[in-house]
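Okay, structure first, notes after.
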Amino acid sequence: MNSNYYAVIMAGGVGARFWPMSRTSQPKQFIDILGTGESLLQQTFKRFEKICPKENIFIATNSIYRELIKEQLGIPDNQILCEPIRRNTAPCIAYANHKIMSKNPDATVIVAPSDHVIVNSDLFHDVVLSAMDAATKNEWLITLGIRPSHPNTGYGYIQYDENVMYAADNRIKKVKTFTEKPELEMAKSFLTSGDFLWNAGIFIWSAKSCAKAFRQFLPEVDELFEEGKRFYNTPEETAFINETYPKCRNISIDYGVMEHAKNVYVLSSDFGWSDLGTWGSLYEHLPKNKHQNSIVGDNVMTYDTQNTIIHMPKGKLAVIQGLEDYIVAEDSGILLICKKSEEQKIRQFVTDVEVEKGEKFV
């Protein structure tokens, strides 16, 4: 196993679209959302243990989840990067990259969310190792792209140049454009053109290439973390980060760096990926019965109910009649019943609940 390979798993999100199961105190990445016996974070960590040494895997998260991560993963404090305030992905990645470079300037790093589903782990392993080898040998910023199966409007898209590819792996092609969550007609045209991929939000680069990109495109963010060079991997790191983070610009790595850089490449792949961002995407990944219902829970009875996802706590008896294309979910005394086609309203539900009923419910 290559000791220069590192992984950064981003695990700070709240996952509001999975309310009520995903709550501020325990977001979806810490939950066994698929009923496998492991949380999404635990599954992600295990995938990266096959790619780099365990001690080279870092978790970037909100400081309130430190103990939860230690409990689930059993890793030391130095591998947990605690953000005192949410500032999106660019500051998170800049912090992680500076910390890793202070340990190993020759590092090659993969950055990935903690809450994705990967069906084919062996193919994922092959894809990542190829991308990491390419990133080690070339000054590229590489992202993983997924061959689209349908015109999904919830994903970003990457257009690649068919004529510019990596000789050692022709799945790696130069990126032409990024497009955020298109309208349906545009998404259909992307599929028809054949040179667009879903943006998986997984990045691979050498630590040096990442640092150079930040200096060029987000110098104000880079300078803040550069000032902490002498503090990384010391007892003073936490105090420095707590003081520095609130000064950071709130911006994503996509907007801040990837959409501006000219050395961006994408590796086209299909390892059974989903960002599992909504109840609807979870429904697609769960097994279904003859009525096309996906049921998590050991005590659920349904009548005249089709195409519905039902997620109930263990031992909870639920009798459901007459629903079609619905989400039914209960957790900690909170029940949600919502049309699948209108699940985008869940964020607003959460906001309304917080205002009218209090923070304890969110």
Under a 3.5 Å distance rule, please check whether Tyr6 uses its side chain to pair with a backbone N or O of Met101 as donor and acceptor. no

Test side chain to side chain contact (heavy atoms under 4.5 Å, CB included), reference Leu144, set Phe271, Phe203, Trp198, output is Phe271

Applying side-chain hydrogen bond (donor to acceptor under 3.5 Å, both in side chains) as the test, list every pair that has at least one member in residues 293-306; sequence neighbours left out. Asp304-Gln321

For Ser39, is there any backbone N or O sitting under 3.5 Å from a side-chain donor or acceptor partner on Gln72? no

Within 45° of the axis and under 6.0 Å from the centre of the six-membered ring of Tyr232, does NZ or CZ of Lys99 qualify? no

Going by side-chain contact (heavy atoms from CB on, under 4.5 Å), name the residues that satisfy it together with Ser332, two or more places apart in sequence or in a different chain. Arg23

Side-chain heavy atoms under 4.5 Å apart, restricted to Ile/Leu/Val/Met/Phe/Trp/Tyr: what other residues fall into the cluster of Leu184, or is it alone? none

Are Leu40 and Leu34 side-chain neighbours, meaning at least one heavy-atom pair lies under 4.5 Å? yes

Do the two ring centres, one from Trp273 and one from Tyr155, sit under 6.0 Å apart? yes

Between the side chains of Lys208 and Asp106, is the shortest nitrogen-to-carboxylate-oxygen separation below 4.0 Å, so that they form an ion pair? yes

Hits for side-chain contact (heavy atoms from CB on, under 4.5 Å) against Glu185, two or more places apart or cross-chain, chain-then-number order -> Lys188

Side-chain cluster (under 4.5 Å, hydrophobic types only) that Ile337 belongs to, other residues: Ile295, Val300, Ile310, Met312, Ile320, Leu323, Tyr326, Val328, Leu335

Could you give the distance from CG (Asp133) to CG (Asn2), rounded to the nearest 0.5 Å? 9.0 Å

Applying side-chain contact (heavy atoms from CB on, under 4.5 Å) to Asp126 and not counting sequence neighbours gives Leu123, Arg171

Give me each pair satisfying salt bridge (charged side-chain N to carboxylate O under 4.0 Å, His left out) with a member in residues 40-60, each pair once, sequence neighbours excluded. Glu38-Lys46

Whether Glu237 side chain and Asn233 backbone form a donor-acceptor pair below 3.5 Å: yes

Would Met10 end up clustered with Tyr5 when hydrophobic side chains under 4.5 Å apart are linked, directly or stepwise? no

Quick check against the 3.5 Å criterion: does Thr108 have a side-chain atom that pairs as donor or acceptor with the backbone of Trp205? no

State whether the number of non-hydrogen atoms from other residues, nucleotides or ligands found under 6.0 Å of Lys247 atom NZ is greater than 12. yes

Quick one: list whatever passes side-chain contact (heavy atoms from CB on, under 4.5 Å) with Arg249, sequence neighbours left out. Leu218, Glu220, Val221, Ile251

If you draw a 6.0 Å radius around CD in Glu180, do more than 12 non-hydrogen atoms from other residues or ligands fall strictly inside? yes

Should we say atom CD of Gln348 is surrounded by more than 12 heavy atoms from elsewhere, each under 6.0 Å from it? yes

Determine yes or no for a side-chain-to-main-chain donor-acceptor pair under 3.5 angstrom, with Ser130 supplying the side chain and Val127 the backbone. no

Connected to Val355, directly or through other members, by ILVMFWY side-chain contacts below 4.5 Å are none

Walk me through whether Ile75 and Phe58 qualify under side chain to side chain contact (heavy atoms under 4.5 Å, CB included). CA-CA 9 Å; Ile75 59 175; Phe58 292 86; over 6 Å; no

In terms of heavy-atom contacts, does NZ of Lys340 have more than 12 from other residues, nucleotides or ligands at under 6.0 Å? yes

Give a yes or no on whether the backbone of Trp140 and the side-chain of Asn138 come within a donor-acceptor separation of less than 3.5 Å. no

Any chance you could measure Gln42, atom CD, to Ser114, atom OG, to the nearest 0.5 Å? 11.5 Å

State, with a plain yes or no, whether a side-chain heavy atom of Ile31 is found less than 4.5 Å away from one of Phe18. no

Output yes when Lys28 and Asp115 qualify as a salt bridge under the 4.0 Å nitrogen-oxygen rule, no when they do not. yes

Does Glu139 use its side chain to pair, donor to acceptor, with the backbone of Ser209 at less than 3.5 Å? no

With sequence neighbours left out, write down each residue that passes side-chain hydrogen bond (donor to acceptor under 3.5 Å, both in side chains) with Glu259, or none if nothing qualifies. none

Set of residues satisfying side-chain hydrogen bond (donor to acceptor under 3.5 Å, both in side chains) with respect to Asn263, sequence neighbours excluded: none

Connected hydrophobic set around Met165, excluding itself, where side chains approach under 4.5 Å: none

Among Glu330, His311, Gln26, side chain to side chain contact (heavy atoms under 4.5 Å, CB included) partner for Met21: His311

Does the gap between the ring centers of Tyr65 and Phe30 come in under 6.0 Å? yes

